[in-house]
Structure formats: C-alpha cells, structure tokens
Amino acid sequence: MVRDIAQLGDGILNGERRALARAITLIESGRADHRSDAEALLQHVQSANRQALRIGLSGTPGVGKSTFIETFGMMLIGLGLRVAVLAVDPSSTRSGGSILGDKTRMEHLSRERNAFIRPSPSQNHLGGVARRTREAVALCEAASFDVVLIETVGVGQSETVVSELCDLFLLLLAPAGGDELQGVKRGIMEMADMILVNKADGDLKSAATRTCADYAGALRLLRKRSQDPDGYPCAKLVSAIEQNGLQEAWQAIQTLITWRRDNSHWEARRAGQAAYWFDQEVRSALLAQLNTSDVKQQMADLAAQVSAGEVSPTAAAARLLDGLKAR
Ligand code: GDP
C-alpha cells in the first residue's frame, strides 16, 4: 500500500476530520488509480471493525431536515456523542449542486469539533451514488463517529439506497393542510421505522397533531415486521425549531435499537444489507462490461441485424454474451 494511504488510514482511525474529508474526496473520484487507492484505504480501516448507529433521514424539501439535523445533532453532541452527517442526492444535477452544500444551513453543528458534515458531491461520479455513500459511511464509522445521519430528499430511488444502508430509517413530515395523507408513497412508509411530524409548534401545532394521528393510524395498518417490537413503527411529534420532542425521539430510537440488538435483528439486518450490496456490485460490474465502446458498437450492429429481421433477438443476445464470455 502507498505510504500516503496508510497514513491517511491512520488519520481516520485516529478520528481526524481532515483525514476523513480527504478520504471521502478520494472515494468520490472517478479516476481509476484513485479507485485502487480507495479500495486499499477501505481495507486498511475496515480492520478496526467499528460500528456506528446509522440513521437514515428522508423528507421532501422544506419539511425541516436541515433544521432537524442541526438541533438533533447538537442534542446528541450534548450527550457526548460524535455525529457525522452525509447526504445522498442522486439528482445532484439540481442547481447549486448539493442539498447540504451550504453548511450555514447547519450553522452550529458545522462548528462543533465532534461533528462532521459532508455535502453531497455536485455531480455524479463514476461508481455511483450508492457505492460512494456506502463507503463514506464505512469511513465515518472507522473514524469513531457514534451516529451517522444519512440524509436524503424524498424522491423515491434514494430511499432504497438509504434504507439498505442504515440501521434505522426516519421519515420527516410537515403538518398537512387537509385530512389526506400527504401523498407519501406506500413503499416509503414501509421503510420507515419512525415518522416524525415536524413543526409541531405555534399555529401549526394542531395540524401537526392531526397529521401525526393520521400517520400513526396508517402505520398500524401496515404488515407487522419481525424486526419490530410492539408499538413500532411509530409516529411522533417534534419541533426542530423549538427543540421539542427530540429527546423523546432519541429515546424511542434507542428503545428500538436495543430491542433489535437483543433479538439478533441488528446483525441480521446488516448481514442482509451486505448480501444486497454484493448483489448490486455484481450487477453493476456486469452492466459496466456492456458499457465499453467496442461492446456498444457490437450491440448496435446486432440491433440493426435484429431490426432487419436477419437474426432473432434471442440469437443476437446469445452471440453478444458468448463474445463477452470469450474475453
Ligand atoms: P429542508 O429543506 O427539509 O432541509 O428544510 P429546512 O430545515 O431548510 O426548513 C424549511 C423551512 O421550515 C425553514 O423556513 C425552517 O425555518 C422551517 N422549519 C424547520 N423546522 C421547523 C419547525 O420545527 N417549526 C417551524 N415552525 N418551522 C420549521
């Protein structure tokens, strides 16, 4: 291993935030030589075998994610914990680049010695969002963070990535205007271990209370999962601004996690996730094989022959795959 990489790895294991930031930049790089360094680095830090509590947090823009992370994160730091915040943003082509690009959104937290905030990269690099985030989580764990918050905007795809990465998934909602559930997709509801209805303060308090009761009812209708104790998944009220309900939410998180640890669900979940990511890596490596210029050319040629009726789709596919195997 390159000496630099070993040094960087040691810096991470010593909990140095600058080393962690540099390492995340390395794993985000699309360069092939950086990739091999990144893999050596991950191998180096993995030996420490440290685990953090990984919390996924999702919610549509405006529900108060950054405000919540700021005050919730500060509360955790007050309890003596080290907190890392990462963002998953597959749609990072949006203007301004990243959802966490502006650290002033978490003004206090970003100044804390025991916090680490990483904006999502402003463009999609090779290797994909999922791998990059997964590796960043592993680096934060190696750097002895106790809690890793993985934030995502509620746009569907990214929730799957986050739920396969975290020990616990929180869905943040704002009070609804009417009676209706706010178009939260069933799939996302099913991933949630806890729904937090934010902005339960001032004029919004009664609407928040109603929304919370609606969601609590909706959660009760979902199929009970073996990894949940009685009363979970649950819905709770919080006010990120007034800092109400945050301790209760943390308490509920700990109750759930302790139960899962005591009943072997924690390990089972992580083992299942590791298998899921292995499967994904194999699939994406296979797809990458189709993405080289000569294979693309071969596919185009075969597609033309298929369109012209000269060869059947099945036979053409078999020919292409035989060609790949022979490489
Ligand atoms: P994000 O887009 O999900 O990160 O949401 P922000 O944290 O940027 O918050 C969006 C808006 O909601 C801002 O104007 C916040 O001040 C406001 N907000 C956030 N949390 C609360 C809360 O607990 N109560 C109230 N009343 N407003 C809040």
Side-chain angles (χ1 to χ4, degrees), residues 55-78 83-112 115-122 133 147-159 161-163 166 169-178 181-185 188-189 191-192 194-215 235-253:
I55 302 179
L57 177 75
S58 177
T60 46
V63 298
K65 288 183 299 302
S66 25
T67 314
F68 175 81
I69 292 172
E70 162 97 337
T71 47
F72 189 68
M74 288 301 289
M75 182 195 78
L76 296 180
I77 281 174
V83 180
V85 182
L86 302 172
V88 177
D89 185 9
S91 58
S92 49
T93 43
R94 80 182 63 206
S95 65
S98 70
I99 50 176
L100 286 176
D102 184 3
K103 281 196 188 174
T104 57
R105 292 203 310 149
M106 293 166 200
E107 205 188 326
H108 295 104
L109 196 60
S110 61
R111 281 199 237 111
E112 282 292 326
F116 176 81
I117 300 178
R118 181 70 179 195
S120 76
S122 54
T133 311
V147 177
V148 181
L149 278 164
I150 311 156
E151 178 192 6
T152 181
V153 180
V155 286
Q157 260 269 292
S158 56
E159 272 77 12
V161 172
V162 173
S163 77
C166 65
F169 190 80
L170 302 179
L171 179 61
L172 202 64
L173 297 174
L181 301 184
Q182 302 156 57
V184 174
K185 293 197 190 77
I188 294 180
M189 287 267 290
M191 285 176 205
M194 204 180 293
I195 287 179
L196 298 176
V197 180
N198 189 30
K199 309 194 182 185
D201 50 52
D203 291 347
L204 292 169
K205 191 159 187 179
S206 61
T209 308
R210 237 180 303 121
T211 302
C212 189
D214 289 347
Y215 277 95
K236 301 209 163 293
L237 288 170
V238 292
S239 164
I241 278 188
E242 293 193 350
Q243 302 177 30
N244 281 330
L246 302 183
Q247 281 180 10
E248 291 80 352
W250 177 236
Q251 192 58 52
I253 287 171

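Each ligand, and each atom within it, is numbered from 1 in the order the structure gives. Residues: numbered from 1 along the sequence shown.
Considering Lys65, Glu70, Glu242, Lys199 only, the shortest heavy-atom separation from atom 12 (O) of ligand 1 involves Lys199.
Ligand 1 has a nitrogen or oxygen under 3.5 angstrom from a nitrogen or oxygen of Ile241.
Residues Leu173 and Val63 form no side-chain contact, since every pair of their non-hydrogen atoms from C-beta on lies 4.5 Å or further apart. Proximity of Ile117 to Ile69: side-chain heavy atoms (C-beta onward) are nowhere separated by under 4.5 Å. Between Leu171 and Ser58, the closest side-chain pair of non-hydrogen atoms falls below 4.5 Å. In this structure the side chain of Asp201 never reaches within 4.5 angstrom of the side chain of Asn244, judged on heavy atoms.
For Ala115, the side-chain contact (heavy atoms from CB on, under 4.5 Å) criterion is met by Ile77, Leu109, Glu112, not counting sequence neighbours.
Each of the following atoms of ligand 1 lies closer than 4.0 Å to a heavy atom of Pro61: 2 (O). Remark: ligand 1 atoms within the under-4.0 Å shell around heavy atoms of Asp201 are 22 (C), 23 (O), 24 (N), 25 (C), 26 (N).
Here the shortest heavy-atom pairing between Met75 and Trp250 reads CE-CB, 3.6 Å. The two atoms that bring Val88 and Thr152 nearest to each other are O-OG1, 3.5 Å, heavy atoms only.
Residue, atom and distance of the protein heavy atom nearest to atom 2 (O) of ligand 1 are Gly62 N, 2.8 Å. Considering only non-hydrogen protein atoms, atom 4 (O) of ligand 1 sits nearest to Ser66 OG, 2.7 Å. The protein heavy-atom contact nearest to atom 23 (O) of ligand 1 is Ala240 N, 2.9 Å.
Contacts between Thr67 and ligand 1 below 4.0 angstrom, taking non-hydrogen atoms only, involve backbone and side chain alike. When heavy-atom distances to ligand 1 are checked against a 4.0 Å cut-off, Asn198 comes that close only through its side chain, counted from C-beta outward.
The closest approach between a heavy atom of Gly59 and any atom of ligand 1 is not below 4.0 Å.
Enclosure of atom CD in Gln247 is not indicated, since only 12 or fewer non-hydrogen atoms of other residues, nucleotides or ligands lie within 6.0 angstrom.
Under the 4.0 angstrom criterion, atom 14 (O) of ligand 1 counts as lacking any protein heavy-atom contact.
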